[in-house]
Protein chains: 2
Amino acid sequence: MLDNSQYIEKLRSSGLRPTKQRIKICEVLFNSEKTFHFTINELVKRISKSTNDKISLATVYNTVHAFKNKGYLKEIPINSDQSYFDTNTSHHHHFYDETQKDLIDIDDADVEPVKINTRIPGKKIKSVEVLVKVEDDKS
Amino acid sequence: MLDNSQYIEKLRSSGLRPTKQRIKICEVLFNSEKTFHFTINELVKRISKSTNDKISLATVYNTVHAFKNKGYLKEIPINSDQSYFDTNTSHHHHFYDETQKDLIDIDDADVEPVKINTRIPGKKIKSVEVLVKVEDDKS
DNA sequence: CAACAGTTTAGAACTATTATAATGTAGAAA
DNA sequence: TTTCTACATTATAATAGTTCTAAACTGTTG
């Protein structure tokens, strides 16, 4: 068993009880060297692979939403039949490969800061997200 | 009855048979002075208001997808439980008001062109879309 | 340990969307 | 105009992602 005290602390400090399900999901999401994108379906598969204790689908949904609300995950705006999440919560944008149905991070250094020269009165900007759709270049 | 020859021509020239359902949907979508955003659900309501001939939900879906494929509509990438479409097919970006769940066009002149300084080998860029999420500014 | 509020769970419910297959129709050909 | 046929429409069923429900369970506090 790995050291989960970091996750227990993380959960507790954000007002989420460190249940064994949540700790397991933290392991699956945040233990890997690289950040990644996932759908709920894919996450459920990753969880099954890494534990014998089944976690209910409802709990996976609950937990992902809780983590998203706490800022530990980001949801990626994309037209799809399912929601995509990102364990990389730092500011960055995405390529979406429409041929492969695949999301790819764009290093933030590779995008000039997006300047929006207008505002909506009474509203503040929460995020600016760029989605670059690509397809096979048949040439 | 208005002059629908423009829609009949438009449909025919793109290889879509000008059926009365498609012409009616053209009227609802393209007759108005201003472009607008809609969900399938909202479109169905607009159609009901403007005609007594009911159009099947399946036909609305079929037609919206056909129009989207022909480039007469754009789908807006946003995380929502339903798809949003835009009758404004010119290049522009959007504000999404998370408080009001409302989409607002950003005039293209108000956004500095987004520069992506990286590419994916073998892929070509199909679109670059910016979504600016805003919320109530409580200050 | 007792108590309780928060959490998990299986399964039902819900909702947007797509598939199906029978019926209808626009357009072309005779 | 009549006929033919490929394309469209339709009601309905099916599908799939997500949320809801309410009972059982558990982490935390006293």
Side-chain angles (χ1 to χ4, degrees), chain A residues 4-5 7-28 37-48 51-70 72-73 75-85 101, chain B residues 4-5 7-28 37-48 51-70 72-73 75-85 101:
Chain A
N4 294 318
S5 58
Y7 299 133
I8 293 175
E9 198 38 53
K10 180 176 185 160
L11 289 166
R12 226 191 292 267
S13 71
S14 49
L16 297 170
R17 277 192 192 166
T19 64
K20 67 177 195 303
Q21 291 88 346
R22 284 172 176 167
I23 293 165
K24 167 53 69 182
I25 293 174
C26 277
E27 284 176 31
V28 173
H37 308 121
F38 65 92
T39 62
I40 296 291
N41 207 26
E42 289 163 359
L43 179 55
V44 167
K45 283 183 199 159
R46 278 172 184 262
I47 293 168
S48 321
T51 183
N52 293 316
D53 306 326
K54 180 184 180 307
I55 297 181
S56 158
L57 182 60
T59 299
V60 177
Y61 272 98
N62 289 342
T63 304
V64 166
H65 286 145
F67 286 6
K68 180 193 157 191
N69 291 336
K70 294 298 179 186
Y72 304 146
L73 290 174
E75 192 170 1
I76 302 170
I78 193 175
N79 293 119
S80 176
D81 48 344
Q82 53 199 321
S83 295
Y84 277 83
F85 296 90
K101 307 274 179 210
Chain B
N4 293 318
S5 58
Y7 300 133
I8 293 175
E9 198 38 53
K10 180 175 184 159
L11 289 166
R12 226 190 291 266
S13 70
S14 49
L16 298 170
R17 276 193 193 165
T19 64
K20 67 179 197 300
Q21 291 87 346
R22 284 173 176 164
I23 294 165
K24 167 52 70 181
I25 293 174
C26 277
E27 284 177 30
V28 172
H37 308 121
F38 64 93
T39 62
I40 296 290
N41 208 26
E42 289 163 1
L43 179 55
V44 167
K45 283 184 199 158
R46 278 174 183 260
I47 293 167
S48 320
T51 183
N52 294 317
D53 306 326
K54 181 183 177 312
I55 298 180
S56 157
L57 181 60
T59 299
V60 177
Y61 273 98
N62 289 341
T63 304
V64 165
H65 286 145
F67 287 6
K68 179 193 158 192
N69 290 337
K70 294 298 178 186
Y72 304 147
L73 291 174
E75 190 168 4
I76 302 169
I78 193 176
N79 293 119
S80 175
D81 49 342
Q82 54 200 319
S83 296
Y84 276 84
F85 296 89
K101 307 274 178 210

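The basis for the numbers below is simple: all heavy atoms, side chains too, and nothing from hydrogens, waters or symmetry mates. Labels below follow one simple rule: chain letters A, B, ... track the order of the sequence lines, proteins then strands, and each chain is numbered from 1. The model shown is predicted, which means the values in this text are computed figures rather than measured ones.
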Q: Could you say whether A:N62 or B:I8 is positioned toward the 5' end of DNA chain C, judged by the nucleotide with the nearest heavy atom to each?
A: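 Its nearest nucleotide being more 5', the pick is A:N62.
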Phosphate OP1/OP2 of [N]: any [X] side-chain N/O under 4.0 Å:
X: A:K20; N: C:dT7; result: no
X: A:R12; N: D:dG27; result: no
X: A:Y61; N: D:dT18; result: yes
X: A:T19; N: D:dG27; result: no

Separation of [X] atom [atom1] from [N] atom [atom2], in whole Å?
X: B:I55; N: D:dT10; atom1: CD1; atom2: P; result: 7 Å
X: B:R17; N: C:dA26; atom1: CZ; atom2: C1'; result: 5 Å
X: A:L57; N: C:dA13; atom1: CG; atom2: P; result: 17 Å
X: B:N41; N: C:dT17; atom1: CG; atom2: P; result: 9 Å
X: B:Q21; N: C:dT23; atom1: CD; atom2: P; result: 18 Å
X: A:K54; N: C:dT7; atom1: NZ; atom2: P; result: 19 Å
X: B:H65; N: D:dT9; atom1: NE2; atom2: P; result: 14 Å
X: A:F85; N: D:dT18; atom1: CZ; atom2: C1'; result: 10 Å

Q) For A:K68 and A:E75, which heavy atoms make the closest approach, and how far apart are they? A)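 Of all heavy-atom pairs spanning A:K68 and A:E75, the closest is NZ-OE1, 2.7 Å.
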Q.
If you only use heavy atoms from C-beta on, which nucleotide in C:dG27, C:dT9, D:dT9 is closest to the side chain of B:P18?
A.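 Nearest nucleotide to the side chain: C:dG27.
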Q: Look at all strands and tell whether A:S83 reaches a base, only sugar-phosphate, or nothing, counting heavy atoms closer than 4.0 Å.
A: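 The residue A:S83 makes sugar-phosphate contact but no base contact.
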**Q.** Residue pair B:L57 / B:I40, side-chain heavy-atom distance below 4.5 Å
**A.**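 Yes, their side chains come closer than 4.5 Å.
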Q.
Return the OG1 to CD1 distance between B:T19 and B:I23, rounded to the nearest 0.5 Å.
A.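 Rounded to the nearest 0.5 Å, the OG1-CD1 separation comes out at 6.5 Å.
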Q) When only distance counts, do a donor and an acceptor, one from the side chain of B:R22 and one from the base of D:dA8, lie under 3.5 Å apart? A)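 Donor-acceptor pair under 3.5 Å: no.
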Q.
Can you tell me which residue among A:F38, A:Y72, A:F67 is in a ring-ring contact (aromatic ring centres under 6.0 Å, His included) with A:F85?
A.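 In the set A:F38, A:Y72, A:F67, the residue that makes a ring-ring contact (aromatic ring centres under 6.0 Å, His included) with A:F85 is A:F38.
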Q. Less than 4.0 Å between a side-chain N and a carboxylate O, is that true for A:E42 and A:K45?
A.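 Looking at A:K45 and A:E42, the cut-off is not met.
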